[in-house]
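Everything on this sheet refers to the single structure shown next.
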2 protein chains.
Amino acid sequence: MADSPRERYRTQVRAEIKERAWEQIATAGASALSLNAIAKAMGMSGPALYRYFAGRDELITELIGDAYRSLADAFRATADESGGAEERAAALAHTLRRWSLKDPQRYLLIYGTPVPGYHAPDDITAIAAEIMAVLLEVCAGLPYPAPAGPFDEHLETHRPWAEDHPAPAPVLHRALTFWTRLHGLLSLEVAGHFTGMGFDPGLLFAAEVDALLAG
Amino acid sequence: MADSPRERYRTQVRAEIKERAWEQIATAGASALSLNAIAKAMGMSGPALYRYFAGRDELITELIGDAYRSLADAFRATADESGGAEERAAALAHTLRRWSLKDPQRYLLIYGTPVPGYHAPDDITAIAAEIMAVLLEVCAGLPYPAPAGPFDEHLETHRPWAEDHPAPAPVLHRALTFWTRLHGLLSLEVAGHFTGMGFDPGLLFAAEVDALLAG
DNA sequence: GCATTCAGTGATAGCCTCTCACTCACGCTT
DNA sequence: AAGCGTGAGTGAGAGGCTATCACTGAATGC
């Protein structure tokens with residue numbers, strides 16, 4: 001905590017390591033991230049980095065945390081814009097898409113293939129919950145239909161993820177579909193599964209947002 | 001082509017390599033796939049595998065092809081079941097979910113994070129198109145609304161992916177949303193983003209299928 | 001029966017992560 | 001101002017990986 005010169009240097013080097021890591025990830029993907037290569041790019045020898053991060057995993061975990069933080073901030077800022085609930089929900093969708101396409105590898109770091117044994121630490125799941133809370137907050141302002149179908153019923157009693165939000169089941173349901181549908185679009189788009197199909201993913205995205213707000 | 005003993009042996013060894021590869025992938029993910037480890041498990045030395053596969057990439061590419069093939073076959077079989085279009089569409093969704101959850105890593109091999117430079121070879125994109133064709137075929141039997149919205153309009157003239165299928169735009173649109181919505185659900189579920197949220201992903205999936213067939 | 005083909009080997013190069021013993025400079029304390 | 005301790009950075013090295021190469025030895029086909 002002391003702002004000694006050493007501390008300042010340390011945090012600065014840590015920041016530069018992360019910066020280089022993002023560059024590598026953006027061009028070659030997270031799986032190709034190499035501590036050695038980062039060190040070489042910074043003009044140091046490989047083992048030096050272990051002064052700053054316990055290992056490759058810790059670095060990646062921290063990058064994941066930063067990515068979540070960035071998305072959560074973007075969501076928060078968008079939700080705080082003025083406008084009706086519909087506008088803000090649409091803006092949220094737009095923010096999500098822009099954020100995803102701006103740096104696809106960052107998106108994939110969060111929503112791509114996880115390492116089988118990996119369990120996200122609590123501070124990361126907390127940010128994920130924060131994102132969900134913003135989404136829920138905006139969805140709560142939307143007009144909603146009466147509960148219908150077994151899933152709405154199920155949600156009445158299975159809602160620990162929305163613990164402190166008093167929204168009725170249809171609102172929770174919409175927040176979930178909002179999340180899953182847009183994520184389906186984006187993960188396919190980012191992974192390149194639309195390339196060569198010949199349609200404009202942006203228009204499909206817009207159509208899904210419309211359906212979400214209408215439904 | 002000759003069914004000489006050597007050929008038989010060769011194809012058998014190739015098959016065993018793939019089998020071991022799937023085991024490794026199922027437990028540790030594709031990123032941890034190691035030719036060396038496979039060789040060791042088979043009682044041979046590392047370089048021996050290079051007689052059968054040009055390298056790690058070729059092996060993985062072939063596994064991806066097999067995964068696609070497996071999904072395409074499952075789709076084809078489901079679509080060929082008797083029943084109305086709605087039933088068959090619902091069955092397709094169910095097949096997709098079962099196929100995905102049966103071996104999550106196989107699902108992720110296809111729909112997870114791609115290697116940035118990777119371009120799928122033609123025989124793989126052909127299978128992907130085959131899958132889409134089955135989906136389209138079933139969706140064509142569903143009652144559909146009049147074209148509405150800019151995306152339907154866009155689809156009228158941007159449909160190279162459905163080249164030889166004369167379905168009208170709303171049918172194409174539904175096939176796409178079918179695909180993207182279910183994929184959103186499944187990729188989140190498979191990647192573990194629902195764990196800890198406390199609701200039943202199966203019910204949400206069912207609700208989405210209902211919405212898809214109603215909409 | 002003999003030449004050929006081909007599976008499998010060990011050695012090797014070049015990556016990687018990560019540990020360890022060591023050096024040496026910086027900055028805090030006296 | 002002087003010196004001492006902390007900690008940044010080093011090279012060496014263990015152990016993993018992909019991939020290439022020259023070589024051996026056995027099975028195959030003529």
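Treat the numbers as computed from the prediction; the structure is a model and nothing was measured. In what follows, every chain begins at residue 1, and chains take the letters A, B, ... in the order their sequences are listed.
- For the pair Asn36(B) and dG16(D), the criterion of a side-chain N or O lying under 4.0 Å from OP1 or OP2 is not met.
- Atoms CZ (Arg6(A)) and C1' (dG9(D)) sit 12 Å apart, rounded to a whole Å.
- Contacts between residues 41-56 of chain A and DNA chain D, defined by a heavy-atom separation under 4.0 Å, are made by Met44(A), Ser45(A), Pro47(A), Ala48(A), Arg51(A), Tyr52(A).
- When DNA chain C is scanned 5' to 3' for any atom under 4.0 Å from a heavy atom of chain A, the first and last hits are dC16(C) to dC28(C).
- Taking a cutoff of 4.0 Å between a charged side-chain nitrogen and a carboxylate oxygen, Arg14(B) and Glu19(B) do not qualify as a salt bridge.
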ask   = Checking ring pair (Phe, Tyr, Trp, His ring centres under 6.0 Å) for the pair Tyr107(A)/His183(A): CA distance, chi angles, key distance, verdict?
value = CA-CA 10 Å; Tyr107(A) 175 86; His183(A) 178 72; 5.6 Å; yes
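- Across all strands shown, Arg10(B) has heavy atoms under 4.0 Å from sugar-phosphate atoms exclusively, and none from any base.
- The CD atom of Glu7(B) sits 14 Å away from the C1' atom of dG29(D) (whole-angstrom rounding).
- Judged purely by atom type and a 3.5 angstrom limit, Arg174(A) uses its side chain to pair as donor or acceptor with the backbone of Leu212(A).
- Contacts of residues 24-34 of chain A with DNA chain D (heavy atom under 4.0 Å): none.
- Remark: C1' of dG9(D) and CG of Leu35(A) are 15 Å apart, rounded to the nearest angstrom.
- Using modelled atom types, no side-chain atom of Ser70(A) and backbone atom of Asp66(A) make a donor-acceptor pair closer than 3.5 Å.
- Side-chain atoms of Gln24(B) do not come within 3.5 Å of backbone N or O of Ala30(B) as any donor-acceptor pair.
- Side-chain atoms of Arg88(A) come within 3.5 Å of backbone N or O of Ala79(A) as a donor-acceptor pair.
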task = Test ring pair (Phe, Tyr, Trp, His ring centres under 6.0 Å) on Tyr111(A) and His193(B) and set out the steps.
result = CA-CA 8 Å; Tyr111(A) 293 108; His193(B) 287 279; 5.1 Å; yes
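- The CZ atom of Arg159(A) sits 8.0 Å away from atom CG of Leu136(A), with the distance rounded to the nearest 0.5 Å.
- Regarding contacts with the backbone of dG9(D), a side-chain N or O of Tyr9(A) is found under 4.0 angstrom from either OP1 or OP2.
- Each of Arg56(B), Arg69(B), Lys18(B) was scored for a salt bridge (charged side-chain N to carboxylate O under 4.0 Å, His left out) with Glu62(B), with one residue passing: Lys18(B).
- Checked by atom type and distance alone, the side chain of His154(B) never pairs as donor or acceptor with a backbone atom of Leu203(A) at under 3.5 Å.
- Atoms CD (Glu58(B)) and P (dT18(D)) sit 15 Å apart, rounded to a whole Å.
- In the displayed structure, Asp80(B) atom CG is contacted under 6.0 Å by more than 12 heavy atoms of other residues, nucleotides or ligands.
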